[in-house]
Amino acid sequence: MQPNDEPWFDHEKLEVYREAIGFVAWLSPILEGTLRATDVRDHLDRASNSIALNIAEGNGKYAPKDRCRFFDTAHGSSLECAAGLDILVAKQKLAPNEIRPGKERLQRIVRMLIGLIKRNSTRDYDRGGE
């Protein structure tokens, strides 16, 4: 999605969804261009898709508990992607500077997902002294 694209669905209005789509767009040429078929490559591809798919599905749910479950899954997939990038560096398939833009985008995604999870959860989170 480009920033000026007119959204067709509500989830397309979410900044976190747009970041997730941006991460997929960033990751795709890396997976296709520099790596042969490996378990990590396949896992990264599935996990990166899972972030956007779960944000979209969660945003379409009405019950906060249901929304939270999908956002939590997207959060887990984001962390899987971060670990997958680390594994590619450990296996010397990519250099640390090559994964930095992806890690930065994942960090933004995780922050936004945590906010959505807290907003939709009945769990009592530490409110920092409130």
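These numbers come from the heavy atoms of this one structure, side chains and all, not from hydrogens, waters or symmetry mates. Heads up: numbering here begins at 1 and tracks the sequence.
Note that OG of S48 is 6.5 Å distant from CG of L31, once rounded to the nearest 0.5 Å. To the nearest 0.5 Å, the span separating CD1 on I99 from CD on E104 amounts to 10.5 Å.
Remark: side-chain polar atoms of S28 are not paired, donor with acceptor, to backbone N or O of A25 under 3.5 angstrom. The closest donor-acceptor contact from the side chain of R18 to the backbone of E12 lies under 3.5 Å. A distance-only check finds no donor-acceptor pair linking the side chain of E32 to the backbone of P29 [under 3.5 Å]. Judged by distance alone, with hydrogens and angles left aside, the side-chain atoms of N59 form no donor-acceptor pair with the main-chain N or O of I55 at under 3.5 Å.
Residues in residues 49-66 take part in these salt bridge (Lys or Arg N to Asp or Glu O under 4.0 Å) pairs, two or more places apart or across chains: D66-R69.
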(message) Assess the residue pair I51 and V24 against the criterion (side-chain contact (heavy atoms from CB on, under 4.5 Å)); give the C-alpha distance rounded to whole Å, side-chain angles, the decisive distance to 0.1 Å, and a yes or no.
(response) CA-CA 9 Å; I51 299 167; V24 170; over 6 Å; no
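For the ring-ring contact (aromatic ring centres under 6.0 Å, His included) test, residues two or more places apart in sequence or in another chain that qualify with F23 are W26. In terms of the salt bridge (charged side-chain N to carboxylate O under 4.0 Å, His left out) criterion, residue partners of K103 (sequence neighbours excluded) are, by chain and number, D86. Under the rule for a side chain to side chain contact (heavy atoms under 4.5 Å, CB included), the partners of R119 that lie at least two apart in sequence or sit in another chain are L116. Remark: T73 engages no residue in a side-chain hydrogen bond (donor to acceptor under 3.5 Å, both in side chains) (not counting sequence neighbours). Evaluation of the side-chain hydrogen bond (donor to acceptor under 3.5 Å, both in side chains) rule for N54 yields S50 as partners, not counting sequence neighbours. Applying the salt bridge (charged side-chain N to carboxylate O under 4.0 Å, His left out) rule to R108 yields the partners E19; only residues at least two apart in sequence or on another chain are considered. Checked against salt bridge (charged side-chain N to carboxylate O under 4.0 Å, His left out), R111 has no partners two or more places apart in sequence or in another chain. Taking H11 as the reference, F9, Y17 meet the ring-ring contact (aromatic ring centres under 6.0 Å, His included) condition, with sequence neighbours excluded. By the side chain to side chain contact (heavy atoms under 4.5 Å, CB included) test, A90 pairs with no residue at all, sequence neighbours left out. Listed by chain and number, the residues in a salt bridge (charged side-chain N to carboxylate O under 4.0 Å, His left out) with R67 amount to none (sequence neighbours excluded).
The nearest pair of heavy atoms linking H75 to I117 is CB-CD1, 4.0 Å. The heavy-atom pair separating A47 from S77 by the smallest distance is O-CB, 3.5 Å. For the residue pair A82 and L106, the shortest heavy atom distance occurs at N-CD1, 3.6 Å.
You'll find the side chain of L27 reaches within 4.5 Å of the side chain of L85, heavy atoms only. At least one side-chain heavy atom of K91 sits less than 4.5 Å from a side-chain heavy atom of V40. Within the 4.5 Å cutoff, no side-chain heavy atoms of N97 are placed close to those of R100. Residues L88 and L44 meet the side-chain proximity criterion, which asks for heavy atoms closer than 4.5 Å.
Under the 4.5 Å side-chain heavy-atom criterion for Ile, Leu, Val, Met, Phe, Trp and Tyr, V16 and I21 are members of the same hydrophobic cluster.
Other members of the cluster containing V110 are L79, I114, with ILVMFWY side chains joined at under 4.5 Å, either directly or via other members.
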